[in-house]
Amino acid sequence: MAEKVNLTDIDTALGDILDEYSEQMFDVRQKAIQAGAEVLVKALEQATPRDTGEMAQSWKIKKEYPNHRYVGNTKTAKGAVHRKKKGGGKGEARADVPLSQVLENGENTKHYGFIRKCFDATEPQIFAAIKNTLNNGGN
């Protein structure tokens, strides 16, 4: 049975209840966010342009911060990649540029925007996975 609380202590008691609820829901939230990220990774693996297949297998989920997931690709472009200058000419050359960045933002590639398009097409499934996990208490 719940402990009786003085009306003068109601703020503290309510704060304690909300803190306890927030702590209990933390693990469930992490599982829900992870479920959504996994849906995106699977969709990206399918949508990734194929050459050797290395890039499709290189999608990773970073869990560095609570309540956030970062989906990225570890495959880098071969050779140097030139940035575009404001005037349109070639800028500085860089090595180890993520291939996903080149394909997503390279204006001269037929794959321009494929990550954004994949996310937009998959967004309902991502949020459904999050919602289902929350509704099932993290299971």
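Predicted model, so just to flag it, every value in this text is computed and none were measured.
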*Not counting sequence neighbours, which residues clear side-chain contact (heavy atoms from CB on, under 4.5 Å) with T109? List them please.*
L103, H111, Y112
*Scan residues 119-132 for pairs that pass salt bridge (charged side-chain N to carboxylate O under 4.0 Å, His left out), counting only residues two or more places apart or in two chains.*
R116-D120
Any side-chain heavy-atom pair from [X] and [Y] closer than 4.5 angstrom?
X: V97; Y: T76; result: no
X: N73; Y: S58; result: yes
X: F119; Y: V71; result: no
X: Y70; Y: I61; result: no

Please answer: with hydrophobic residues joined when any side-chain heavy atoms are less than 4.5 Å apart, are [X] and [Y] in the same cluster?
X: L134; Y: V39; result: yes
X: L14; Y: Y21; result: no
X: F127; Y: I115; result: yes
X: I33; Y: I126; result: no

Which atom pair, heavy atoms only, marks the closest approach of [X] to [Y]?
X: A47; Y: F114; answer: O-CD1, 3.8 Å
X: I130; Y: A32; answer: CG1-O, 3.3 Å
X: M55; Y: S100; answer: CE-CA, 3.5 Å

Just to verify, what does [X] make a side chain to side chain donor-acceptor pair (under 3.5 Å) with, not counting sequence neighbours?
X: E54; value: K75
X: T48; value: W59
X: E64; value: none

*Contact list for residues 26-44, test side chain to side chain donor-acceptor pair (under 3.5 Å), sequence neighbours left out*: R29-N67, Q30-N67, Q34-E38, Q34-R69
